[in-house]
Colleague: 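Questions regarding the structure given below will be posed in turn.
Just so it is clear, the values below take in all heavy atoms, side chains as well, and ignore hydrogens, waters and symmetry mates.
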Amino acid sequence: MKHVIKSYGYPLVLLLLVFACAKDRGYYQPDEIDKHFNGDTYAYLQSKHGVYDSLLQVIDRLGLEQTLRDSNITVFALTNESFQLAITNLNNIRYLADRPSEYLATIDQRHLDTMLTQYIIRGKYPTDSMLLQDGVNLQGIRHGYPMHAKLAYTNSSGFVDGGPETIDFSDTKKSQFRRNWFTTTTGSVNIETDNAFVHVVNSDHVFGFGDFISRLTFIPPPPNLFHLVGGEWSTSRENSGGPNHIEAAQFAFDGNRETKFLLGGFGGAWLQFKLNEPTVAGAYTITSANDFPERDPIDWNLEASHDGETWVTLDSRAGEIFEERFQMKVYRINNRVAYQYYRLNILRNRSGDTMQMADWSVNAPDQTEDGDAQD
């Protein structure tokens, strides 16, 4: 019996030492698996029954099937849960507002288009193309919307960044400042099809990067009188670079949220518009600019005049906060008088000595179903 133990004990010890050394490598290194799907990306999504049904429904509504079959793309694939969360949250709000429910088959196709195409990227981007410290800038397939991806690692077995690869996938909100971005992460990466790489977005991500509810509950303002009637604008103070500067006052009137009026040394200022003919205004809008929330206007009043000399106050606001960049806020006013002059007096910004805004407009009254203006 002693002889048997002596003969087999030594190899057994060696075997245990080999396995112990092989196992304890000091970091997590999962085994390589084959992530190639023999077929196009649309076929891949179809093959995962019960996972991408909602995504396929939206792709079909938008006419993107062929793009997923023959274009070189990267897809950040949304599971059914991402759409379910978005729809549930939306309809909870619509219920409280006594408005009918919306579903993927009925939602305005334009909203679905601009949101979904953020997740379908031009070109093929596996994780090894995202190794730069600052990640990689991406463009949406249909509208070239700027997105961003950066490689990250999860923690594992007590080791920081010792886990598998993930991707931080961000909607940049067209801002260069990361604090304005909305970011989600992936649960699986580098699934390769014949024409694309697919990275699966975590199931707790809400489709639309936070825009889904605001887009579908936002009531757009009535027509912009500056564009509808026409006229001349003026300001009490111009940007220090002059009226032709890229951030001059003219850009507060152009209806483009991606331009802005910026004013340093701010201590109050006004913007004014003289319409070509007296017109009743029933609303006005202010849109926040692209960066630095502390520059947003916070206190102001809206005035109107027949002659540009005698003014009446139509609305006053104090402590207004813009929660997002490029956010348009619509303010309805009770006015039945046709004025030729409208003036926005900006009294205070949030903090600091610089004020900025993307846009200001004065708008027509809301229309009733029979086409008459509401009182």
Colleague: Verify the distance criterion only: is there a donor paired with an acceptor across the side chains of Ser175 and Asn180 at less than 3.5 Å?
Modeller: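 The criterion, which ignores hydrogens and geometry beyond distance, is satisfied for Asn180 and Ser175.
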
Colleague: Using only heavy-atom distances, determine whether the side chains of Tyr145 and Asp171 contain a donor-acceptor pair under 3.5 Å.
Modeller: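 Short answer, yes.
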
Colleague: Honestly curious: do Phe273 and Leu314 fall in one hydrophobic cluster under the side-chain, below-4.5 Å linking rule?
Modeller: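 Yes, Phe273 and Leu314 fall within the same hydrophobic cluster.
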
Colleague: At what distance, to the nearest 0.5 angstrom, does CG of Leu64 lie from CG of Leu56?
Modeller: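 Output value for this atom pair is 11.5 Å.
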
Colleague: Hey, are Thr183 and Asp168 close enough side-chain-wise for a donor-acceptor pair under 3.5 Å?
Modeller: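 Their side chains do not contain a donor-acceptor pair, so the 3.5 Å distance test is not met.
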
Colleague: For Leu138, does its backbone N or O pair with a side-chain atom of Arg122 as donor and acceptor, under 3.5 Å?
Modeller: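 Not a single qualifying donor-acceptor pair exists.
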
Colleague: Is Trp181 reachable from Phe207 through a run of hydrophobic residues whose side-chain heavy atoms are each under 4.5 Å from the next?
Modeller: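 No: no chain of side-chain contacts under 4.5 Å links Phe207 to Trp181.
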
Colleague: Flag the pair Val280 / Asn335 as yes when at least one side-chain heavy-atom distance between them is below 4.5 Å, and no otherwise.
Modeller: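 Touching, per the 4.5 Å side-chain cut-off.
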
Colleague: For residues Leu275 and Leu302: do they belong to one hydrophobic cluster (side chain heavy atoms under 4.5 Å, members Ile, Leu, Val, Met, Phe, Trp, Tyr)?
Modeller: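 Leu275 clusters together with Leu302.
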
Colleague: Measure from NZ or CZ of Arg317 to the centre of the six-membered ring of Trp300 and say whether it is under 6.0 Å with the direction within 45° of the ring axis.
Modeller: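 Arg317 over Trp300 ring: no.
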
Colleague: With a 3.5 Å cut-off and no angle check, do the side chains of Ser288 and Gln327 form a donor-acceptor pair?
Modeller: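 No, Gln327 and Ser288 have no side-chain donor paired with an acceptor closer than 3.5 Å.
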
Colleague: Name the orientation class of the two ring planes belonging to Phe169 and Phe76 (parallel below 30°, tilted from 30 to 60°, perpendicular beyond 60°).
Modeller: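 Ring orientation of Phe169 relative to Phe76: parallel.
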
Colleague: Applying salt bridge (charged side-chain N to carboxylate O under 4.0 Å, His left out), run through Asp134 and Lys150 and close with a yes or a no.
Modeller: CA-CA 7 Å; Asp134 293 332; Lys150 182 179 180 181; 5.8 Å; no

Colleague: Can a donor-acceptor pair be found between the side chains of His143 and Asp113 at a distance below 3.5 Å?
Modeller: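 Per modelled atom types, His143 and Asp113 side chains form a pair under 3.5 Å.
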
Colleague: Could you tell me if the side chain of Arg332 sits less than 4.5 Å from the side chain of Pro222, heavy atoms only?
Modeller: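 Contact flag for Pro222/Arg332 side chains = yes.
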
Colleague: Is the closest side-chain donor-acceptor distance between Gln66 and Asp70 under 3.5 Å?
Modeller: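 Yes, Asp70 and Gln66 have a side-chain donor paired with an acceptor closer than 3.5 Å.
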
Colleague: Measuring from Thr88:OG1 to Glu81:CD, what's the distance to the nearest 0.5 Å?
Modeller: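 Thr88 atom OG1 to Glu81 atom CD measures 11.0 Å (nearest 0.5 Å).
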
Colleague: Let me see the working for Glu102 and Arg94 under side-chain contact (heavy atoms from CB on, under 4.5 Å), right down to the final yes or no.
Modeller: CA-CA 9 Å; Glu102 288 273 18; Arg94 293 180 69 87; 3.6 Å; yes

Colleague: A side-chain contact here means heavy atoms from C-beta on lying under 4.5 Å apart; do Thr285 and Asp359 qualify?
Modeller: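 SC-SC contact between Thr285 and Asp359 ruled out.
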
Colleague: Say whether, by atom type as modelled, one donor and one acceptor occur between the side chain of Thr185 and the main chain of Ile167 under 3.5 angstrom.
Modeller: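 A pair under 3.5 Å: no.
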
Colleague: Answer yes when Asp299 and Arg350 have at least one side-chain N-carboxylate O distance shorter than 4.0 Å, and no when they do not.
Modeller: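 Salt bridge between Asp299 and Arg350, a charged N being under 4.0 Å from a carboxylate O: no.
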
Colleague: With a 4.0 Å cut-off on N to O distance, would you call Glu323 and Lys329 a salt bridge?
Modeller: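 Salt bridge between Glu323 and Lys329, a charged N being under 4.0 Å from a carboxylate O: yes.
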
Colleague: Does some side-chain heavy atom of Ile213 sit less than 4.5 Å from a side-chain heavy atom of Leu90?
Modeller: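 In contact.
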
Colleague: How long is the gap from CD1 on Ile73 to NZ on Lys124, to the nearest 0.5 Å?
Modeller: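 The CD1 atom of Ile73 sits 10.0 Å away from the NZ atom of Lys124.
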
Colleague: How about Tyr42 and Asp60: does a side-chain donor come under 3.5 Å of a side-chain acceptor?
Modeller: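 Note: Tyr42 and Asp60 side chains meet the donor-acceptor criterion.
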
Colleague: Atom CE of Met328 and atom CD1 of Ile286: how far apart are they, to the nearest 0.5 Å?
Modeller: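 Rounded to the nearest 0.5 Å, the CE-CD1 separation comes to 11.0 Å.
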
Colleague: Report the distance from atom CG of Asn224 to atom OH of Tyr284, rounding to the nearest 0.5 Å.
Modeller: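 Answer for the CG-OH pair, Asn224 versus Tyr284, is 14.5 Å.
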
Colleague: Hey, are the side chains of Met355 and Leu262 touching, using non-hydrogen atoms and a 4.5 Å cut-off?
Modeller: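 No; the side chains remain at least 4.5 Å from each other.
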
Colleague: Please assess Phe261 against Leu271 for the test side-chain contact (heavy atoms from CB on, under 4.5 Å), listing each intermediate value before the final yes or no.
Modeller: CA-CA 10 Å; Phe261 172 39; Leu271 295 169; 3.9 Å; yes

Colleague: Would a distance-only check, ignoring hydrogens and angles, find a side-chain to backbone donor-acceptor pair under 3.5 Å from Thr354 to Arg295?
Modeller: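 No; zero donor-acceptor contacts below 3.5 Å.
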
Colleague: Any side-chain heavy atom of Leu68 sitting closer than 4.5 Å to one from Glu65?
Modeller: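 No, every pair of side-chain atoms sits at 4.5 Å or beyond.
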
Colleague: Going by the angle between their ring planes, with limits at 30° and 60°, are His199 and Phe197 parallel, tilted or perpendicular?
Modeller: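 The rings of His199 and Phe197 lie parallel, inter-plane angle below 30°.
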
Colleague: Hey, any chance Leu347 and Leu263 share a hydrophobic cluster, counting ILVMFWY side chains that come within less than 4.5 Å of each other, even indirectly?
Modeller: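 Unlinked, Leu347 and Leu263 end up in two clusters.
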
Colleague: Do Thr41 and Asn195 meet the criterion of a side-chain donor-acceptor pair at a distance under 3.5 Å?
Modeller: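 There is such a pair between these side chains.
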
Colleague: Return the OG1 to CZ distance between Thr235 and Phe253, rounded to the nearest 0.5 Å.
Modeller: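 Reported to 0.5 Å precision, the distance equals 6.5 Å.
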
Colleague: So Tyr44 and His36, ring-ring contact (aromatic ring centres under 6.0 Å, His included) or not? Walk me through it.
Modeller: CA-CA 10 Å; Tyr44 168 74; His36 183 82; over 10 Å; no

Colleague: Check whether any side-chain heavy atom of Ile346 lies under 4.5 Å from a side-chain heavy atom of Trp270, and answer yes or no.
Modeller: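 Contact flag for Ile346/Trp270 side chains = no.
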
Colleague: Would you kindly say whether Glu303 and Tyr339 are connected by a side-chain donor-acceptor distance under 3.5 Å?
Modeller: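 Not at all, the side chains of Glu303 and Tyr339 share no donor-acceptor pair under 3.5 Å.
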
Colleague: Applying a strict under-4.5 Å side-chain criterion to I, L, V, M, F, W and Y, I'd like to know whether Ile107 and Ile93 cluster together.
Modeller: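 Linked, Ile107 and Ile93 end up in one cluster.
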
Colleague: Test side-chain contact (heavy atoms from CB on, under 4.5 Å) on Asp315 and Asn301; report intermediate values, then the result.
Modeller: CA-CA 6 Å; Asp315 191 52; Asn301 62 55; over 6 Å; no

Colleague: With a 4.5 Å cut-off on side-chain heavy atoms, are Pro146 and Gln139 touching?
Modeller: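 Side chain of Gln139 against side chain of Pro146, heavy atoms only: no contact under 4.5 Å found.
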
Colleague: Which is it for Lys173 and Asp291 under the salt bridge (charged side-chain N to carboxylate O under 4.0 Å, His left out) test, yes or no, and what are the steps along the way?
Modeller: CA-CA 10 Å; Lys173 303 296 181 181; Asp291 57 14; over 6 Å; no

Colleague: Between Lys35 and Glu192, does any NZ, NE, NH1 or NH2 come within less than 4.0 Å of an OD or OE carboxylate oxygen?
Modeller: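 No, Glu192 and Lys35 are not salt-bridged.
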
Colleague: Can a cation-pi geometry be assigned to Lys174 and Phe326, taking NZ or CZ under 6.0 Å from the six-membered ring centre and within 45° of the ring axis?
Modeller: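 Judged by the rule (NZ or CZ under 6.0 Å from the ring centre, within 45° of its axis), Lys174 is not positioned above Phe326.
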
Colleague: Checking Arg237 side chain against Gly264 main chain: does a donor-acceptor pair fall under 3.5 Å?
Modeller: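 Such a contact is found between Arg237 side chain and Gly264 backbone.
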
Colleague: Less than 4.0 angstrom from a charged side-chain N to a carboxylate O is my criterion; do Arg325 and Asp296 meet it?
Modeller: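 Yes, charged N to carboxylate O under 4.0 Å.
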
